[in-house]
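Working notes, structure below.
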Amino acid sequence: MAKNITPRATDYSKWYTDVVIQAKMADYSPVKGSMVIRPNGYAIWELIQKYLDQMFKDTGHVNAYFPLLIPESFMKKEAEHVEGFAPECAVVTHGGGQELEESLYIRPTSETIIWSMYKKWIMSYRDLPILINQWANVMRWEMRTRLFLRTSEFLWQEGHTAHATAEEAEEETLKMLNVYKIFAEEYLAIPVIAGRKSESEKFAGAVHTYSIEAMMQDKKALQAGTSHNLGQNFAKAFDVQFQNKEGGRQYVYATSWGVSTRLIGALIMTHSDDNGLVLPPKLAQRPLVIVPIYRKDDEKTKVMAYADALYRELSEKHKVIFDDREQYKPGYKFAEWELQGIPLRIEIGPRDVENNKVVLVRRDTMKKDFVDRQAIAAVVDETLPRMQGEMLERARAFQKANTHKVDSFDALKEIVSGDGGFVNAHWCGDAACETRVKEATKATIRNIPFDREEEKGACVCCGKPSEGRVIFSKAY
RNA sequence: CGGGGUGUGGCGCAGCCUGGUUAGCGCACCUGCCUUGGGAGCAGGGGGUCGGAGGUUCAAAUCCUCUCACCCCGACCA
């Protein structure tokens, strides 16, 4: 039905790109690997920012801004960090026509520059905690990029906190992961599994990394957010110490956490269909469109008056699109707004005026309902939140249906290389087993879920004792 | 870095092998008419020197040499 969009069943990856481009969310830029976020895409990012920013502030955080450029020497202070990030950094070597004394890295993440500043700001336990977030762009020189999911430059927020004790840092790390989980589920309508990353998958420089993992419609996993307990690694690298109540000196404990424009990719791949984007109502800046339908002039007069009155009424509470363009026929408009994911469409034609009704169409189910004119405002107010909830439940059911308990290596391999999905399997904790699975199946351990059952078992790979199941899956 | 491929109006392509009128088609765009309950139709119109450089030739989008860019697969990353 939709022109120009490859069906999911034909080529999922192509479908994704088609939706992004056709719905005018993003476009390729002249620079390889970087994209332009167009108004339709940026509107989603603005809402993500709005909601998350409030959630950060409600949990005691404040915003600040640190510079884009980081001295090379800073990047090299934390051993694991430099090893993890140096290969994928862009580096500025010239400025003002001169070669620089010291090269400047375009931030791939801001731990180093921020901790160089925290050193100046933290003297005493009275200066702690520091709970700072920043909204920024970062750059990672990825070899293979995809719109929203992995671009060289991307937008994100990064929280960087400093604490007096290890316990407090761990508490903060988990608290923010939970904020992400709530945000993903209640706003993006994306069910996620929160858990701890294995050693090999954790952030370069972290003690523990936690993540939320979502399942896309092709049953692959997408890491949707991470929260890191950095321990004293960065405090030691940048020599950030404070004096405690007892007068002793000790290193500060750190956390960092972030989500990025990748969430827009997650949103698309979780809910959208072969007709284009499907947005959960909370992520739609404009949740409603009104399409008038008429043939003759006298019909037009009546329909437009009727539609305009409704437009005014609904506009009191919602941002409504009134599509009164003359050059397009209704069918074209339907297709266009479906492509762009507008949650609710109201069609008004002569018959509706006659019967004192309107036609209401939900984007997620495509179901059409005839609604009494008097009731429409109330029905809209009731439908939007219901749609939000049903989208989450539908995604949750899909995730559940494609998650499999497995107790042998062969069974794991069969699922991963066959139908796909999440595999719940025992793992002994040994990185060697993790690597073996990855090499045999391309699946990695997504995380060790917090809410996993207490269950003794045998590692699916080596047979040694395991404390519980972890999630294996192919991932983006 | 290895393998494969592509560069021709905004987008998608044909033409190239076998050089030869004014470089063609679909979509999009503009104007008018006509239409409007699932992406209408007709007529008219604007827009490209064929990625770049050099060469062969009376003549090059087409043949030759060099060069640049991008895409796909792999490796890498997630």
Side-chain angles (χ1 to χ4, degrees), chain A residues 1-6 11 13-14 17-18 21-22 24 27-34 83-89 108-109 139-152 154 197-198 200-204 209 211 213-214 216 220-226 258 260 262 265-266 269 274-276 289-300 302-304 307 323-340 345-355 357-361 363 366 368 370 438-439 442-447 473-476:
Chain A
M1 187 161 153
K3 292 180 187 173
N4 309 322
I5 294 184
T6 307
D11 184 342
S13 175
K14 185 85 166 41
T17 305
D18 287 347
I21 298 290
Q22 300 297 329
K24 300 191 172 106
D27 204 351
Y28 294 102
S29 84
V31 179
K32 188 183 173 180
S34 57
E83 197 184 317
F85 281 105
E88 54 181 81
C89 285
T109 178
M139 177 163 276
R140 298 178 187 179
W141 211 261
E142 303 287 356
M143 308 191 73
R144 188 98 186 255
T145 55
R146 298 194 63 194
L147 297 167
F148 289 115
L149 297 177
R150 179 176 292 107
T151 46
S152 309
F154 56 93
K197 283 286 191 186
S198 67
S200 62
E201 295 276 331
K202 76 179 189 188
F203 178 76
T209 287
S211 74
E213 303 282 334
M216 303 296 99
K220 282 168 78 174
L222 182 78
Q223 179 175 295
T226 49
S260 71
R262 172 181 257 202
M269 286 204 293
D274 291 348
N275 291 322
V289 59
I290 296 174
V291 179
I293 301 160
Y294 47 81
R295 289 170 200 273
K296 300 165 229 142
D297 276 350
D298 59 321
E299 284 180 353
K300 180 180 174 184
K302 284 181 197 162
V303 165
M304 292 307 267
D323 192 352
D324 57 359
R325 291 175 297 175
E326 300 272 359
Q327 72 269 40
Y328 296 116
K329 302 210 310 176
Y332 181 93
K333 295 178 181 178
F334 297 164
E336 178 167 296
W337 297 118
E338 278 161 12
L339 174 59
Q340 296 191 21
R345 176 174 78 241
I346 292 172
E347 306 171 8
I348 296 174
R351 289 206 297 273
D352 305 305
V353 177
E354 194 72 27
N355 300 328
K357 302 255 184 192
V358 304
V359 175
L360 182 69
V361 189
R363 175 64 184 89
M366 298 285 236
K368 289 194 178 193
F370 293 87
K438 185 175 179 178
E439 283 171 0
K442 287 193 160 184
T444 49
I445 294 176
R446 300 321 306 153
N447 68 23
S473 176
K474 284 188 193 170
Y476 278 95

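Quick note on labels: first sequence line is chain A, next is B, and so on, each numbered from 1. All of these numbers come straight from a predicted model, not from anything done at the bench.
B/C50 and B/G10: their P atoms are spaced 13 Å apart (whole Å). Comparing B/G39 with B/C77, their C1' atoms are spaced 40 Å from each other, to the whole Å. One C1' atom belongs to B/U57, the other to B/G19, and the distance between them is 9 Å to the nearest Å. One C1' atom belongs to B/C17, the other to B/U35, and the distance between them is 48 Å to the nearest Å. Look at the C1' atom in both B/G26 and B/G48: the space between them is 16 Å, to the nearest Å. Spacing of C1' atoms, B/U56 relative to B/C68, comes out at 23 Å, to the nearest Å. With both ends at atom P, the span from B/U49 to B/U6 equals 23 Å, rounded to whole Å. Comparing the C1' positions of B/G20 and B/C30 gives an interatomic distance of 35 Å, to the nearest angstrom.
Nucleotide B/C29 forms a Watson-Crick or G-U wobble pair with B/G45, both donor-acceptor distances falling under 3.5 Å. Nucleotide B/C1 forms a pair with B/G74, judged by Watson-Crick or G-U wobble geometry with both contacts under 3.5 Å. Of all nucleotides present, none satisfies the Watson-Crick or G-U wobble test against B/U21 with each distance under 3.5 Å. Pairing of B/A40, defined by two Watson-Crick or G-U wobble distances under 3.5 Å, is not identified with any nucleotide. For B/U6, the paired nucleotide is B/A69, the pair qualifying as Watson-Crick or G-U wobble because both relevant distances are below 3.5 Å.
Distance from the side chain of A/Pro350 is smallest to B/G37 among B/G38, B/U36, B/G37. Listed candidates were B/G37, B/U36, B/C77. Nearest to the side chain of A/Glu142 is B/C77. For A/Ala335, the side-chain atoms get nearest to B/G38 when compared with the rest of B/A78, B/G38, B/U35. Of the candidate nucleotides B/A78, B/U36, B/C29, B/A78 has the atom nearest to the side chain of A/Gln223.
A/Leu339 and A/Gln22 make their closest contact through CD2-O, 3.4 Å (heavy atoms, listed as atom of the first residue, atom of the second, distance). Between A/Glu326 and A/Lys300, the shortest heavy-atom distance links the atoms OE2-NZ, 2.6 Å.
For the pair A/Lys14 and B/C72, the criterion of a side-chain N or O lying under 4.0 Å from OP1 or OP2 is not met.
In this structure, CG of A/Leu222 is placed 14 Å from C1' of B/C77, rounded to the nearest angstrom. What separates NZ of A/Lys300 from P of B/U35 is a distance of 14 Å, to the nearest Å. Taking atom CZ of A/Arg295 as the reference point, atom P of B/G37 lies 7 Å away to the nearest angstrom. The distance between atom CD1 of A/Ile21 and atom P of B/G10, rounded to the nearest whole Å, is 18 Å. When rounded to the nearest whole Å, the span between CG of A/Leu360 and C1' of B/G37 equals 15 Å. Rounded to whole angstrom, the span from the CZ atom of A/Phe203 across to the P atom of B/A78 amounts to 12 Å. Distance, A/Asp323 CG to B/G37 P: 13 Å, rounded to whole Å. Here B/G12 presents its P atom at 12 Å from CG of A/Asp18, a figure rounded to the nearest Å.
Using a 4.0 Å heavy-atom criterion, one finds that A/Arg140 contacts no nucleic acid atom at all. Here A/Val291 lies out of heavy-atom contact (under 4.0 Å) with every strand. Contact annotation for A/Lys296: no contact, since no heavy-atom pair falls under 4.0 Å across all strands. Here A/Arg325 lies out of heavy-atom contact (under 4.0 Å) with every strand.
Place A/Tyr28 and A/Arg150 on RNA chain B by their nearest nucleotides, and A/Tyr28 ends up nearer the 5' end. Both A/Lys442 and A/Tyr332 lie close to RNA chain B; mapped to their nearest nucleotides by heavy-atom distance, the more 5′-ward contact belongs to A/Tyr332.
Annotation: A/Asp297, atom CG; neighbour count of heavy atoms from other residues, nucleotides and ligands within 6.0 Å does not exceed 12. Around the CZ atom of A/Arg325, the shell of radius 6.0 Å holds more than 12 heavy atoms that belong to other residues, nucleotides or ligands.
When only modelled atom types and interatomic distance are considered, A/Asn447 and A/Ser211 share a side-chain donor-acceptor pair under 3.5 Å.
For B/G38, the base has a donor-acceptor partner in the side chain of A/Glu338 [N/O atoms by modelled type, under 3.5 angstrom]. Under 3.5 Å, the side chain of A/Lys329 and the base of B/G37 form no donor-acceptor pair of N or O atoms.
To the nearest 0.5 Å, atoms CG (A/Asn275) and CE (A/Met366) are separated by 4.0 Å. From A/Lys333, atom NZ reaches atom CG of A/Asp323 across 4.0 Å, with rounding to the nearest 0.5 Å.
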Please walk me through it: do A/Arg345 and A/Glu338 pass salt bridge (charged side-chain N to carboxylate O under 4.0 Å, His left out)? CA-CA 9 Å; A/Arg345 176 174 78 241; A/Glu338 278 161 12; 2.9 Å; yes

